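Note that the coordinates shown come from a computational prediction; the quantities given were computed from them, not determined experimentally. All residue numbers in this chain count up from 1 along the given sequence.
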Amino acid sequence: MQNSNDGALRGVKTVVVPAAGMGTRFLPATKTVPKELLPVVDTPGIELIAEEAAQLGAEQLVIVTAPEKQEIMRHFGTFEQLCETLSARGKTEQVEKVSRAAGLIEAVAVEQEQPLGLGHAVGCAESALGDGEDVVAVMLPDDLVLPAGVMKKMVQVRERLGGSVLCAFNVTREEVFNYGVFDVEELDIDFDGFEVKRVRGMVEKPAPEEAPSTLVATGRYLLDRGIFDALRRITPGKGGELQLTDAIELMIQEGHPVHVVVHEGKRHDLGNPGGYIPANVDFGLRHPKYGPALYTALKQIMADFEAENR
């Protein structure tokens with residue numbers, strides 16, 4: 001499979017954001033509001049992803065949406081009348097918040113007519129890439145990877161080693177059954193300030209005793225354009241879904257270099273209430289306006305809870 005470093009050297013132009021899911025774990029809220037628009041404090045998760053893509057230097061955010069989820073794209077509109085009304089009332093800060101998303105990056109919609117897996121969603125975005133783009137970034141909107149900037153490290157790895165680069169987190173062995181787990185080998189190459197390993201393969205949600213490592217995949221991918229060819233050649237799995245992991249595994253088998261950046265930080269999973277609530281607490285505590293009062297309130301909530309459950 002042909003690979004080129006030229007795309008990485010020119011930088012990442014396109015970031016793909018799969019956002020066609022039904023959000024069933026957030027029902028009933030997601031009957032009318034896409035989960036990607038649920039706020040982390042006061043900013044929708046999709047806008048946080050757009051900010052990360054803009055910081056990477058990408059030129060377009062390709063949002064893979066479902067036919068009934070066009071509200072996501074509307075969030076990246078200009079809202080001129082709302083801004084005029086707020087301006088007339090002297091609400092400058094609110095005007096900046098409303099107009100921010102439209103100024104971050106150009107958002108482009110690609111429709112996924114049926115939910116046929118993450119691999120299928122990524123494949124839908126191929127038509128939005130320019131002819132000269134040899135690399136594409138994929139950011140899953142459910143995943144907030146902190147601190148931001150891991151994608152820039154991944155670009156550095158591709159510039160030196162070629163191929164595709166993924167983000168990995170270290171978890172306890174008891175947790176590996178929840179994730180795609182990397183089979184890795186050490187590299188005799190030094191990267192300043194972060195750890196990189198070569199990927200020999202991936203195992204999807206293994207039993208703890210069968211996991212090849214405790215390094216697991218999270219929602220940041222830097223993929224050679226060859227991923228689209230691989231997606232066309234893999235076999236659909238359960239439910240007719242095409243899995244991105246299967247396409248990456250095929251590329252590895254065919255000699256395509258794949259590496260992981262081991263990210264030293266934290267991850268919030270916005271895809272379910274159990275991860276979404278801590279994300280709001282974490283971001284809220286660090287918010288200059290809401291943080292101090294939230295800290296006091298949380299201490300009282302915890303004290304009351306502990307007293308009630310003695």
Note to self: Donor-acceptor pair, distance only, cut-off 3.5 Å: does the side chain of Arg158 make one with the backbone of Gly163?
What the structure shows: yes
Next item on the list: Locate the shortest heavy-atom distance separating Phe194 from Val196; write the atom from each residue and the value.
Entry: CE1-CG2, 3.6 Å
Next item on the list: Answer yes or no: are there more than 12 heavy-atom neighbours, outside Asp188 itself, under 6.0 Å from its atom CG?
Entry: no
Check: Hey, is OH on Tyr295 packed in by over 12 heavy atoms from elsewhere, all under 6.0 Å?
Finding: no
Notebook entry, point to check: Do you see a donor-acceptor pair shorter than 3.5 Å between the side chains of His268 and Asp282?
Noted result: yes
Note to self: For a side chain to side chain contact (heavy atoms under 4.5 Å, CB included) check, start with the C-alpha distance between Thr24 and Thr30, then their side-chain angles and the critical distance, and finish with the verdict.
What the structure shows: CA-CA 7 Å; Thr24 54; Thr30 47; over 6 Å; no
Note to self: Would you say that Leu38 contacts Val33 through its side chain, given a criterion of any heavy-atom pair below 4.5 Å between the two side chains?
What the structure shows: yes
Notebook entry, point to check: Between Val16 and Val110, is any pair of side-chain heavy atoms under 4.5 Å apart?
Noted result: no
Check: Side chains of Pro206 and Val181: closer than 4.5 Å at any heavy-atom pair?
Finding: yes
Next item on the list: Please answer whether the main-chain N or O of Met202 pairs with a side-chain N or O of Glu249 as donor and acceptor at a distance below 3.5 Å.
Entry: yes
Margin query: Does this structure show an ion pair linking Glu185 with Lys197, if we count only N-O contacts that are shorter than 4.0 Å?
Written below: no
Margin query: Set out, in order, the CA-CA distance, both residues' side-chain angles and the distance that settles side chain to side chain contact (heavy atoms under 4.5 Å, CB included) for Glu241 and His120, then state yes or no.
Written below: CA-CA 7 Å; Glu241 294 189 348; His120 182 265; over 6 Å; no
Margin query: To the nearest 0.5 Å, what is the distance between CZ on Arg198 and CD1 on Ile189?
Written below: 9.5 Å
Check: In terms of hydrophobic clusters joined by side-chain contacts under 4.5 Å, are Ile248 and Val203 together?
Finding: no
Check: Hey, are Glu126 and Arg232 close enough for a salt bridge, meaning a charged N less than 4.0 Å from a carboxylate O?
Finding: yes
Checklist line | ILVMFWY cluster, Leu37 and Leu82 together (side-chain gap under 4.5 Å) | finding: no
Notebook entry, point to check: Is there a side-chain contact between His263 and Pro147, using heavy atoms and a 4.5 Å cut-off?
Noted result: yes
Notebook entry, point to check: Does Arg160 make a cation-pi contact with Phe191 (under 6.0 Å, within 45 degrees of the axis)?
Noted result: yes
Next item on the list: Assess whether side chain to side chain contact (heavy atoms under 4.5 Å, CB included) is satisfied between Ser164 and Leu223, documenting all intermediate values.
Entry: CA-CA 5 Å; Ser164 298; Leu223 301 172; 4.1 Å; yes
Notebook entry, point to check: So which heavy atom on Ile72 is nearest to which on Ile46, and how close?
Noted result: CG2-CG1, 4.3 Å
Checklist line | Donor-acceptor pair, side chain of Arg173 and main chain of Ala211, under 3.5 angstrom | finding: yes
Check: Any side-chain heavy-atom pair from Ser99 and Thr78 closer than 4.5 angstrom?
Finding: no
Note to self: Closer than 3.5 angstrom, by distance alone: can the side chain of Arg25 be matched with the main-chain N or O of Gly271 as a donor-acceptor pair?
What the structure shows: yes
Item checked: Point-to-point distance, once rounded to the nearest 0.5 Å, from NE2 of His75 to CZ of Arg100 -> 8.5 Å
Next item on the list: Any chance you could measure Leu231, atom CG, to Met251, atom CE, to the nearest 0.5 Å?
Entry: 8.5 Å
Checklist line | Between CE on residue Met151 and CD on residue Gln55, distance to nearest 0.5 Å | finding: 12.5 Å
Next item on the list: State plainly whether one hydrophobic cluster holds both Leu285 and Leu270, where clusters connect Ile, Leu, Val, Met, Phe, Trp and Tyr through side-chain heavy atoms under 4.5 angstrom apart.
Entry: no
Check: If you count the non-hydrogen atoms of other residues, nucleotides and ligands that lie under 6.0 Å from CD in Gln81, is the total more than 12?
Finding: no
Check: With distance as the sole test, does Asp224 use its side chain to make a donor-acceptor pair with the main-chain N or O of Gly226 at under 3.5 Å?
Finding: yes
Next item on the list: Work out which heavy atom in Ala58 is nearest to a heavy atom in Val15; give both atom names and the distance.
Entry: CB-CG2, 3.7 Å
Item checked: Side chain Glu133, main chain Gly130, donor-acceptor under 3.5 Å -> yes
Check: Looking at Phe26 versus Tyr276, is the centre-to-centre ring distance below 6.0 Å?
Finding: yes
Notebook entry, point to check: Can you check whether Glu47 reaches Leu104 side chain to side chain, under 4.5 Å on heavy atoms?
Noted result: yes
Check: What closest approach, in Å, do Pro273 and Pro278 show between heavy atoms, and which atom pair accounts for it?
Finding: O-CD, 4.2 Å
Check: With side chains defined as the heavy atoms from C-beta onward, is the minimum distance between Val145 and Phe169 less than 4.5 Å?
Finding: yes
Margin query: Looking at Val41, is its backbone amide N or carbonyl O close enough to the side chain of Asn280 to form a donor-acceptor pair, meaning the two atoms are under 3.5 Å apart?
Written below: yes
Item checked: Candidate list Leu187, Val184, Leu166, test side-chain contact (heavy atoms from CB on, under 4.5 Å), partner His259, passing option -> Leu187
Margin query: With a 4.5 Å cut-off on side-chain heavy atoms, are Val155 and Val135 touching?
Written below: no
Notebook entry, point to check: What closest approach, in Å, do Ala19 and Ile63 show between heavy atoms, and which atom pair accounts for it?
Noted result: CB-CG2, 3.9 Å
Notebook entry, point to check: Should Leu144 and Phe283 be marked as a side chain to side chain contact (heavy atoms under 4.5 Å, CB included) after you check the CA-CA gap, both sets of side-chain angles, and the distance that decides it?
Noted result: CA-CA 11 Å; Leu144 293 183; Phe283 274 67; 3.9 Å; yes
Note to self: What's the separation between atom CD in Gln114 and atom SG in Cys124, rounded to the nearest 0.5 Å?
What the structure shows: 10.5 Å
Checklist line | Interatomic distance, Met73 atom CE to Thr65 atom OG1 [nearest 0.5 angstrom] | finding: 7.0 Å
Margin query: Would the distance check show the side chain of Lys91 and the main-chain N or O of Thr85 forming a donor-acceptor pair, the cut-off being under 3.5 Å?
Written below: no
Checklist line | Test salt bridge (Lys or Arg N to Asp or Glu O under 4.0 Å) applied to Lys289 and Glu93, step by step | finding: CA-CA 13 Å; Lys289 181 177 180 179; Glu93 181 181 349; 5.5 Å; no
Check: Does one hydrophobic cluster hold both Phe228 and Leu242, with members joined at side-chain heavy-atom distances below 4.5 Å?
Finding: yes
Note to self: More than 12 heavy atoms of other residues, nucleotides or ligands under 6.0 Å from CD of Glu209: yes or no?
What the structure shows: yes
Notebook entry, point to check: Any chain of hydrophobic side-chain contacts (each under 4.5 Å) joining Val40 to Leu61?
Noted result: yes
